[in-house]
Amino acid sequence: MRKTQFMTVISALGAVVAGILIYVTPAAEAHGTLPQESAREIVQRSYAAIRQGNFVETLALTHAPFAADWGPWVHKIMEDPATRLINFYEASPQLWRVDALAMNGKILSTLLANDGKIQLVNPKNQTRLLVNAGVNDVLPWPIKWMLPTFKQLQEWQVHVGQTMIAGVPCYVVNLVHPRVPVSLTRMTYFFQGRTAEPLGVALYRGRHLEFQAKALVYSSGNPGPSVKGPVLLNTYRMTHVEWSKGLVEHMVPEHFGPLTQTHISQWPHQEVIRYGHGLNQVMVVVSSMQSAEAEACRRYHNPVQGYPGFSGMTDGLWSTLSFRYGSHCISVIGDRPLGLLAEWAKSSFFHKL
């Protein structure tokens with residue numbers, strides 16, 4: 001028991017001093033005073049809770065290269081290397097606000113969702129960018145990535161424990177030893193004990209922590225006007241953007257390798273297509289060859305051995321592949337080896353050529 005108390009105190013001190021990370025050891029995840037629940041029951045309650053909104057969290061962030069795979073919103077708000085904290089306010093699934101902050105509390109960027117519109121606000125140059133003009137998804141990104149899918153609960157060995165996060169009793173749902181081939185070996189999800197609202201997620205490869213976002217501050221109840229942010233944000237000029245058009249003419253395939261197309265989004269100068277589900281999904285981004293994304297690929301990617309015309313980079317966990325397709329640059333991001341992504345891209349995009 002002394003060991004558990006000692007590790008809890010050390011974790012708390014670490015949060016105060018560093019302001020960015022609380023690591024919960026297996027010893028601290030042992031037993032608690034919350035009722036015993038299965039992982040499925042906890043996740044079911046969590047989905048029901050987040051549909052109600054009405055809570056505020058400050059998350060400490062540990063970066064990872066594959067964070068960009070979570071989609072353009074996540075990438076945009078996390079791309080500043082100074083980002084260490086994320087504040088988000090949930091008044092409802094359609095009304096929320098997310099701030100990316102430096103360790104000193106300075107706001108680096110903000111996402112605002114209201115009235116079916118999502119705006120990306122940059123305080124540095126005082127501009128606003130309309131990134132989505134019609135939102136139908138009932139679970140916006142600040143919540144969705146903090147919950148496992150029921151499919152994952154079936155494919156992984158699951159263990160439920162209890163601990164304290166942000167000063168409240170929490171359930172810890174550990175997914176370990178997957179029954180399907182993946183690079184990640186453990187995924188840990190944290191849920192507020194009483195309401196089951198998600199309080200964070202940690203992803204591991206072996207014993208190495210690859211990514212973590214965990215609540216340092218949590219409060220329930222409607223956050224009210226704070227969701228919409230300071231009035232000053234509304235005075236920033238709206239940046240003009242040219243929306244990408246014409247998915248048909250780009251000949252985006254319905255399948256990428258064995259994965260089926262599951263979602264299509266249009267973004268400024270880009271089209272984003274997702275194949276598959278969950279952490280094992282693959283994201284394909286269609287950009288102009290003159291875009292900043294294409295330039296970054298040309299600058300940082302290396303040729304893929306055995307696949308002329310394909311280039312990429314990998315950290316051994318997630319891979320990014322790129323190739324030219326007509327007048328467009330195709331980028332592929334996924335939890336697969338570069339050679340396999342190149343093989344899938346070759347068969348999916350060039351089989352008719």
Side-chain angles (χ1 to χ4, degrees), residues 65-76 78-79 120 129-134 141 181-183 239-353:
F66 59 80
D69 183 53
W70 292 357
W73 305 352
V74 181
H75 180 51
K76 286 295 183 184
M78 291 172 57
E79 64 183 357
L120 175 65
L129 173 67
L130 184 66
V131 297
N132 199 324
W141 80 259
V182 292
S183 295
T239 301
H240 174 73
V241 296
E242 179 182 347
W243 291 88
S244 183
K245 298 179 181 179
L247 278 173
V248 174
E249 67 185 37
H250 293 167
M251 297 174 60
V252 174
E254 294 185 2
H255 294 82
F256 188 80
L259 303 178
T260 302
Q261 186 183 113
T262 55
H263 185 73
I264 298 176
S265 299
Q266 289 189 344
W267 300 92
H269 310 289
Q270 289 183 332
E271 289 158 352
V272 182
I273 307 95
R274 292 182 179 274
Y275 296 88
H277 297 277
L279 286 172
N280 289 318
Q281 68 183 300
V282 169
M283 182 172 73
V284 173
V285 182
V286 180
S287 308
S288 166
M289 286 301 297
Q290 286 70 48
S291 66
E293 291 76 13
E295 174 60 29
C297 291
R298 289 191 291 267
R299 179 177 300 180
Y300 298 111
H301 285 188
N302 299 311
V304 179
Q305 186 175 6
Y307 294 91
F310 292 85
S311 62
M313 60 186 297
T314 182
D315 62 357
L317 180 68
W318 292 76
S319 302
T320 301
L321 177 81
S322 66
F323 58 95
R324 182 165 187 159
Y325 187 69
S327 61
H328 294 89
C329 173
I330 308 294
S331 299
V332 182
I333 306 171
D335 178 16
R336 302 292 196 285
L338 272 175
L340 182 59
L341 290 180
E343 185 64 37
W344 288 357
K346 185 177 178 180
S347 63
S348 300
F349 278 85
F350 299 101
H351 70 286
K352 294 182 179 180
L353 300 183

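Atom CD of residue E254 and atom OH of residue Y275 lie 9.0 Å apart, to the nearest 0.5 angstrom. Distance check: M313 CE to L321 CG gives 12.0 Å after rounding to the nearest 0.5 Å. Going from atom SG of C329 over to atom CE of M289 covers 5.5 Å, rounded to the nearest 0.5 Å.
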- Chi angles and distances behind the side chain to side chain contact (heavy atoms under 4.5 Å, CB included) call for V286, I330: CA-CA 5 Å; V286 180; I330 308 294; 3.8 Å; yes
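R336 places no side-chain N or O within donor-acceptor distance of the main-chain N or O of L338, the cut-off being under 3.5 Å. A donor-acceptor contact shorter than 3.5 Å is absent between the side chain of T320 and the backbone of I333.
Partners of S322 under the side chain to side chain donor-acceptor pair (under 3.5 Å) rule, at least two apart in sequence or in another chain, are H301, S311. Taking the ring pair (Phe, Tyr, Trp, His ring centres under 6.0 Å) definition, one finds that F323 meets it with F310, F349, F350, sequence neighbours left out. The side-chain contact (heavy atoms from CB on, under 4.5 Å) search around H263 returns S265, R274, not counting sequence neighbours.
The side-chain heavy atoms of V272 and M283, taken from C-beta on, include a pair separated by under 4.5 Å.
Taking all atoms of both residues into account, the shortest heavy-atom contact from L341 to S319 is CD1-CB, 3.9 Å.
Using a 30° and 60° split on the angle between ring planes, F256 and W344 fall in the perpendicular class, above 60°.
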